[in-house]
S.K.: 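Handing you a structure now.
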Amino acid sequence: MKRQKRDRLERAHSRGYQAGISGKSKEFCPYQSINARSQWLGGWRQAMEDRAVAA
């Protein structure tokens, strides 16, 4: 059970990162649960930082 939960949260982080890299707004977060949403936004923020450094 713990592994499935971790994998789901890792997937949310990865999808948030991909959304951020492609320039989508954080308002497009598809997750409703707090944990998954938090992970998605964390990935999105990391992508925004990476884009700023690369630019």
Side-chain angles (χ1 to χ4, degrees):
M1 180 79 174
K2 289 189 181 209
R3 181 180 176 132
Q4 286 179 338
K5 199 177 249 188
R6 185 173 60 242
D7 289 347
R8 202 173 307 138
L9 295 178
E10 287 174 6
R11 193 175 325 121
H13 187 274
S14 176
R15 288 183 178 169
Y17 186 86
Q18 290 302 318
I21 286 293
S22 65
K24 292 193 176 169
S25 168
K26 67 180 178 180
E27 304 303 319
F28 286 101
C29 178
Y31 295 97
Q32 299 302 317
S33 79
I34 292 178
N35 288 337
R37 187 172 182 85
S38 175
Q39 287 295 317
W40 191 93
L41 289 170
W44 183 86
R45 281 189 212 98
Q46 184 179 359
M48 288 294 136
E49 288 175 13
D50 291 350
R51 285 181 66 190
V53 169

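Positions are given from 1 along the sequence. Just so you know, these numbers use all the heavy atoms, side chains as well, and skip hydrogens, waters and symmetry mates. No experiment lies behind these values; they were computed from the predicted model shown.
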S.K.: In residues 41-55, what donor-acceptor pairs under 3.5 Å come from side-chain atoms, sequence neighbours left out?
M.R.:
from, atom 1, to, atom 2, distance (Å)
W44, NE1, K24, O, 2.8
Q46, OE1, H13, NE2, 3.4
D50, OD2, Y17, OH, 2.6
R51, NH1, G20, O, 3.3

S.K.: Could you give the side-chain donor-acceptor pairs of residues 29-39 under 3.5 Å, partners two or more places apart or in another chain?
M.R.:
from, atom 1, to, atom 2, distance (Å)
S33, OG, A36, N, 3.4
R37, NH1, Y31, O, 3.1

S.K.: Taking side chain to side chain contact (heavy atoms under 4.5 Å, CB included) as the test, write out the residues that go with Q18, two or more places apart.
M.R.: none

